[in-house]
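Notes follow the structure.
No hydrogens, no waters, no symmetry mates; every other heavy atom, side chains included, goes into these values.
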Protein chains: 2
Amino acid sequence: MMRAMGRWEPDARGRLAKAALELYGERGYEQTTVAEIAKRAGLTERTFFRHYADKREVLFAGAVELENLFVAAVTDAPGSEAPLDVVARGLYAAAEMFTDRREFACRRQAVIMGNAELRERELIKLASLSAALADTLRRRGVAESTASLAAEAGVAVFKIAFERWIAAGEERTLAELTRESLDELRAVTSAG
Amino acid sequence: MMRAMGRWEPDARGRLAKAALELYGERGYEQTTVAEIAKRAGLTERTFFRHYADKREVLFAGAVELENLFVAAVTDAPGSEAPLDVVARGLYAAAEMFTDRREFACRRQAVIMGNAELRERELIKLASLSAALADTLRRRGVAESTASLAAEAGVAVFKIAFERWIAAGEERTLAELTRESLDELRAVTSAG
DNA sequence: CCGTCGATGACAGTCACTGACATCGACTCT
DNA sequence: AGAGTCGATGTCAGTGACTGTCATCGACGG
C-alpha cells in the first residue's frame with residue numbers, strides 16, 4: 001500500500017522542477033546554484049543530479065512527452081497523405097498540448113531565451129524531435145531525404161509558430177498560428 | 001617591424017585549435033582536459049580560455065567566417081529575386097568555402113557528432129546563422145515571417161546537404177548536394 | 001522480526017571556468 | 001641609450017557543476 005507520505009515528501013522531481021523555474025526566473029539562470037534549487041525543494045544537491053542529468057535538463061522534462069505526442073500523431077495519420085501534411089498533424093497535436101499551459105510556457109520560455117546554454121539545450125531537443133519525426137516518416141515509406149527535409153521544415157514551422165504564440169497576446173491560439181506559418185512556408189518555397 | 005619570433009611562438013590561437021581537434025579525435029572530447037590541450041600547444045590552461053570562451057568553442061572558430069560569407073552573398077543578390085532564391089545564393093557561397101577543406105571538415109564533424117554538448121553548440125551556431133540570414137532578408141524588404149521561414153528552410157537545406165557531403169565519398173560536391181536538397185525541399189512543400 | 005530495496009544524505013574529488021596580479025619582451029618616446 | 005607603456009602569457013586561488021562511493025532508514029515481503 002502507498003501511504004500519503006513515507007519517509008520523504010512526495011514528488012521530489014516535481015518540487016525540483018518548480019523550485020528551479022522559480023529561481024531561474026527570480027535571479028536568472030547563471031546566478032542560481034544547484035544547491036539553492038535543492039534547498040528550496042527540501043533536498044540536497046546530490047539528489048538534484050539523480051533526477052536531472054544537469055542544471056539545464058530540469059527545464060526540459062516535458063520534451064519527451066512532446067516528442068511522443070508528435071510521433072503518435074504522425075504514426076496514426078492516413079497512409080495516403082503527403083509527408084508535410086502528415087507532419088502538420090503532429091504540429092496540431094502539439095498545439096493542443098500547450099493550450100492549457102500558456103502561463104507556464106511563457107515563464108519557461110522567458111528563462112530559456114535569457115541564456116545561451118538554455119537555448120542550446122532547447123535546440124537539441126528540437127533536433128531530437130526532428131530526428132524522431134524523420135524516422136517515423138521513413139517507417140511510413142517516405143524516402144530518407146524527403147523525410148529529413150519534411151521533418152526539418154515541420155520543426156521550423158513549430159519554432160516560429162510557438163515564438164509568435166508567446167509573443168502574441170492571449171487571443172491567438174497556437175493552432176491558428178501554426179496553420180498560418182505552415183501556409184507561409186508553402187508560399188515561400190513554391191515561388192522558386 | 002615584426003620579427004619572426006618574439007617572446008612566444010606565433011599563432012597561439014591556431015596551435016590551440018589544432019591541438020584540441022587532435023586530442024578530441026584521439027581520446028574523445030570528454031576524455032580530454034583543457035589543461036592537456038594547452039600543454040600540447042605549449043601554453044597554459046588560462047591562456048586557452050583567453051582565446052576561446054569554453055572547451056567547445058575551440059571547434060567553431062570558422063562559424064563567424066561562414067556567417068559573413070552567407071550574409072554577404074544574400075546582401076549582394078539582385079533585389080528582384082524571391083527570398084528562397086536569395087538564400088540559395090548564400091548556400092552556394094558557403095558550399096564553395098568548403099570545397100578545399102573536406103578532410104578537415106570530416107574530422108571535425110566526426111568529433112562533433114560523437115558528443116552531445118558539441119552538437120548543441122553546432123545547433124546554436126546554425127541558429128545564429130539563420131537569425132543573421134533572416135535579418136538580412138528583412139533589410140532587403142522581405143516580410144518578417146517570410147524572412148524567418150526562408151532562413152530556417154535554407155539552414156535546414158544546408159544541414160542536410162552538408163551531412164550528405166560528409167557521408168558521401170569524394171565524388172560528390174557540396175554544391176551539387178545543396179542543389180539536390182533544395183529541389184527536394186521545393187518538392188516536399190509544394191505538394192500541399 | 002528479519003532481510004532486501006529504493007530514495008536520499010554525506011562527503012570527497014575532478015574539472016571547467018574566472019578574477020587578480022606578476023612577468024617580460026617589444027615597442028615608443030625622448 | 002634609458003624609461004615607461006603595452007600586450008600576451010604565466011601563476012594561483014577560488015567557485016560551482018557534476019560524479020563516485022558509502023551510509024542511512026522507512027517500506028515492504030516473507
Do the side-chain N or O atoms of [X] get closer than 4.0 angstrom to the phosphate oxygens (OP1, OP2) of [N]?
X: B:His51; N: D:dT9; value: yes
X: B:Arg56; N: C:dC17; value: yes
X: A:Thr47; N: C:dG9; value: yes

Inset, instruction - Would you confirm whether A:Thr47, through its side chain, and A:Leu43, through its main-chain N or O, come within 3.5 Å as a donor-acceptor pair? - result: no
Given [options], which nucleotide is nearest the side-chain atoms of [X]?
X: B:Phe49; options: C:dC15, C:dC17, C:dA7; result: C:dC17
X: A:Trp8; options: D:dG7, D:dT11, C:dT8; result: C:dT8
X: A:Arg50; options: C:dA10, D:dA17, D:dT9; result: C:dA10

Inset, instruction - Check whether NZ of the Lys or CZ of the Arg A:Arg102 lies under 6.0 Å from the centre of the six-membered ring of A:Trp165 and within 45 degrees of that ring's axis. - result: yes
Inset, instruction - Report yes or no: is the cationic atom of B:Arg108 (NZ for Lys, CZ for Arg) under 6.0 Å from the centre of the six-membered ring of B:Phe60, at an angle within 45° of the ring normal? - result: yes
Nearest whole angstrom, please: distance from the [atom2] of [N] to the [atom1] of [X].
X: A:Arg27; N: D:dG16; atom1: CZ; atom2: C1'; answer: 14 Å
X: B:Arg46; N: D:dT15; atom1: CZ; atom2: C1'; answer: 14 Å
X: B:Glu45; N: D:dG10; atom1: CD; atom2: C1'; answer: 12 Å
X: A:Glu30; N: D:dA17; atom1: CD; atom2: P; answer: 11 Å
X: B:Gln31; N: C:dT14; atom1: CD; atom2: C1'; answer: 13 Å
X: B:Leu118; N: C:dA16; atom1: CG; atom2: P; answer: 13 Å
X: A:Glu9; N: C:dT8; atom1: CD; atom2: P; answer: 11 Å
X: A:Leu23; N: D:dA17; atom1: CG; atom2: P; answer: 12 Å

Inset, instruction - May I ask you to say what B:Ala12 touches in the nucleic acid, namely base, sugar-phosphate or nothing, with a heavy-atom cut-off under 4.0 Å? - result: sugar-phosphate
Inset, instruction - Please tell me which of B:Leu43 and A:Lys55 maps to the more 5' nucleotide of DNA chain D, matching each residue to the nucleotide holding its nearest heavy atom. - result: B:Leu43
Inset, instruction - May I ask you to check whether over 12 heavy atoms, not counting those of B:Arg139, lie within 6.0 Å of atom CZ? - result: no
Legend entry - Geometric class of the A:Phe158/A:Phe98 ring pair [parallel <30°, tilted 30-60°, perpendicular >60°]: tilted
